[in-house]
Novice: 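I have a structure here, written as structure tokens, and I will follow up with some questions on it.
Keep in mind that what you see is a predicted model, and the values were worked out from it rather than measured.
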Amino acid sequence: MNRIYLLTGAAGLLGSNISRQLVDAGKTVRALVLKGDLAARYIPDAVQVVYGDLLDRSSLENLFTVPADSEVVVIHSASIVTLDPSPSPKVHAVNVDGTRNIVEMCLRHKVKKLVYISSTGAIAELPHGQKIREVDHFLPADGLEGYYSVTKAEATQLVLDAVREHPELDASVVHPSGICGPNDYSYGPVAKFILQYAAGEMKAGIAGTFNSVDVRDLAAGVIACCERGRRGECYIMSNEMVTMEEMFALINDAAGLDYHPNVLSARTARIAAKLLSLGSRLTGKPALLTDFAVYNLTRNNGFDCSKAKRELGFTCRPFADTIRDEVRWLQAEGKIPEPVCQAG
């Protein structure tokens, strides 16, 4: 029986890496892509592209209509990621209703496996010093910050409920921490941070932490979950925490810089965010620092990915290697100047 992988979110950073690794392994991949998505050019040529929308059932039928002798594995990676903590009907529609549509299609077409890409943000935070581990139940409004996290929790619970209600559905869930790495053409949070820092625009940092998994390692972990992920189980895929000072040092080393911005205490950063928010309301311009941005850096970003390591063979390279590779990619793209070699 021929296996085919159906992938949503294929034009995103994670989706493009998943499709590339599958194609390199000789697998057949079919991807759902929004018509007009400029990032579609980064999808490998060997991928079969179906233009459509998670909320358009007819386009989902086109995605799921495969040769009769096919064994189907679905990787649902598409979502709207937002740093705006306010409720949004569009974010809910894509992240929750879109996931519901994918689950219904999986049931209708009797797929072999579904892997849903959730987020560590969907898991309620624990006090600092305690490692955050997988849970088996998600309450969207229980201890979560930001509407993206709320919708990912609701969608995750939807997937787990479907597994409990339908014995024929085999689904697993992956919870990535932040995602970063080279070839990030959407310029996610870590890429933007590096660009701002390298341009000398970061006058101060916040005494907080980062936890970002290398997208290449995450993609490999997701593919492993397709094979070895247990039915109804969740898997955190994360990295070790890195402090703001360590982040500065890593970028300095990778980019040949010697910047040393001040690091503000969390309390000072919160006060600054409130003042900037007030100024934003008066001027109508976006605030350079928000309460939610301060929260994301000062929250407990310690995650335990030992379950994914033990059961799926997940590994994550050192964050220093990821930053080095991302800086080199940004330099190759002309976004960061190459270091100037001084004559001896």
Side-chain angles (χ1 to χ4, degrees), residues 6-15 18 31-35 37 50 52-64 74-109 111 113-125 134-166 169-179 186 188 218 222 225 229 231-237 292 296:
L6 305 185
L7 174 65
T8 70
L13 176 59
L14 176 57
I18 291 172
L32 183 72
V33 179
L34 279 171
K35 187 173 289 293
D37 190 334
V50 174
D53 191 310
L54 290 174
L55 303 177
D56 178 4
R57 290 174 179 271
S58 62
S59 64
L60 290 181
E61 282 291 350
N62 291 337
L63 176 69
F64 277 79
V74 177
I75 303 173
H76 178 33
S77 176
S79 68
I80 293 180
V81 181
T82 175
L83 295 178
D84 185 345
S86 306
S88 163
K90 183 177 181 181
V91 172
H92 188 276
V94 172
N95 293 358
V96 180
D97 298 336
T99 300
R100 180 179 293 107
N101 288 344
I102 290 293
V103 169
E104 290 177 357
M105 287 291 170
C106 288
L107 289 168
R108 183 180 307 173
H109 289 269
V111 306
K113 181 74 177 184
L114 165 64
V115 174
Y116 171 58
I117 311 302
S118 181
S119 167
T120 50
I123 305 172
E125 185 183 356
E134 294 86 354
V135 297
D136 59 8
H137 190 75
F138 296 82
L139 298 174
D142 184 21
L144 301 182
E145 296 284 344
Y147 196 61
Y148 171 72
S149 293
V150 169
T151 59
K152 295 301 279 188
E154 187 175 345
T156 304
Q157 188 61 53
L158 187 155
V159 172
L160 297 183
D161 287 345
V163 169
R164 295 180 182 116
E165 294 167 8
H166 301 278
L169 178 64
D170 182 356
S172 302
V173 176
V174 171
H175 294 276
S177 58
I179 306 173
S186 61
L218 175 59
V222 170
C225 190
R231 181 176 180 271
E233 293 294 324
C234 300
Y235 298 92
I236 289 174
M237 296 187 187
F292 191 55
N296 280 324

Novice: I'd like to check the side chain to side chain contact (heavy atoms under 4.5 Å, CB included) partners of S118; sequence neighbours left out, ordered by chain and number.
Specialist: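 Listed in chain order: Y116, A122, K152, T156, V173, H175.
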Novice: So, the side chain of T8 versus the backbone of L32: is there a donor-acceptor pair under 3.5 Å, distance only?
Specialist: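 No.
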Novice: Give, for atom CD of E145 and atom CG of N296, the distance between the pair rounded to the nearest 0.5 Å.
Specialist: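 Separation between the atoms: 9.0 Å.
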Novice: Which pair of heavy atoms, one from L7 and one from G15, lies closest together, and at what distance?
Specialist: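 The answer is CD2-O, 3.4 Å.
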Novice: Say you draw a straight line from CD1 of I179 to CG of L218; how long is it, rounded to the nearest 0.5 Å?
Specialist: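 Separation between the atoms: 5.0 Å.
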Novice: Partners of H109 by ring-ring contact (aromatic ring centres under 6.0 Å, His included), sequence neighbours excluded?
Specialist: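 If we apply the ring-ring contact (aromatic ring centres under 6.0 Å, His included) test to H109, skipping adjacent residues, the hits are F64.
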Novice: Roughly how far, to the nearest 0.5 Å, is CZ of F138 from CD1 of I123?
Specialist: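 Going from the CD1 atom of I123 to the CZ atom of F138 covers 5.5 Å.
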Novice: Could you tell me which residues satisfy side chain to side chain contact (heavy atoms under 4.5 Å, CB included) with S172, sequence neighbours excluded, listed by chain and number?
Specialist: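 S172 satisfies side chain to side chain contact (heavy atoms under 4.5 Å, CB included) with K113, C225, Y235 once adjacent residues are dropped.
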Novice: Can you tell me how far apart CG (L63) and CG (L54) are? Round to the nearest 0.5 Å.
Specialist: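 That separation rounds to 9.5 Å.
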Novice: Mind checking what makes side-chain hydrogen bond (donor to acceptor under 3.5 Å, both in side chains) contact with E134, not counting sequence neighbours?
Specialist: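 E134 satisfies side-chain hydrogen bond (donor to acceptor under 3.5 Å, both in side chains) with no other residue.
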Novice: So how far is it from D136 CG to E233 CD, rounded to the nearest 0.5 Å?
Specialist: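 Atom-to-atom, D136:CG and E233:CD are 8.5 Å apart.
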Novice: List the atom of C106, the atom of V74, and the distance in Å for their closest heavy-atom pair.
Specialist: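 Scanning both residues completely, I find the closest heavy atoms to be SG-CG2, 3.9 Å.
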Novice: Could you measure the distance from the CG atom of N101 to the OG atom of S59? Nearest 0.5 Å is fine.
Specialist: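 It is 9.0 Å, given to the nearest 0.5 Å.
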Novice: Sequence neighbours excluded, which residues qualify as side chain to side chain contact (heavy atoms under 4.5 Å, CB included) partners of A171?
Specialist: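 With sequence neighbours excluded, A171 shows a side chain to side chain contact (heavy atoms under 4.5 Å, CB included) to L114, V159, V163, L169, given in chain and number order.
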Novice: With sequence neighbours left out, what residues match K90 under side chain to side chain contact (heavy atoms under 4.5 Å, CB included)?
Specialist: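 I80, S88.
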Novice: Can you confirm whether the side chains of D84 and T82 place a donor and an acceptor under 3.5 Å from each other?
Specialist: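 Their side chains do not contain a donor-acceptor pair, so the 3.5 Å distance test is not met.
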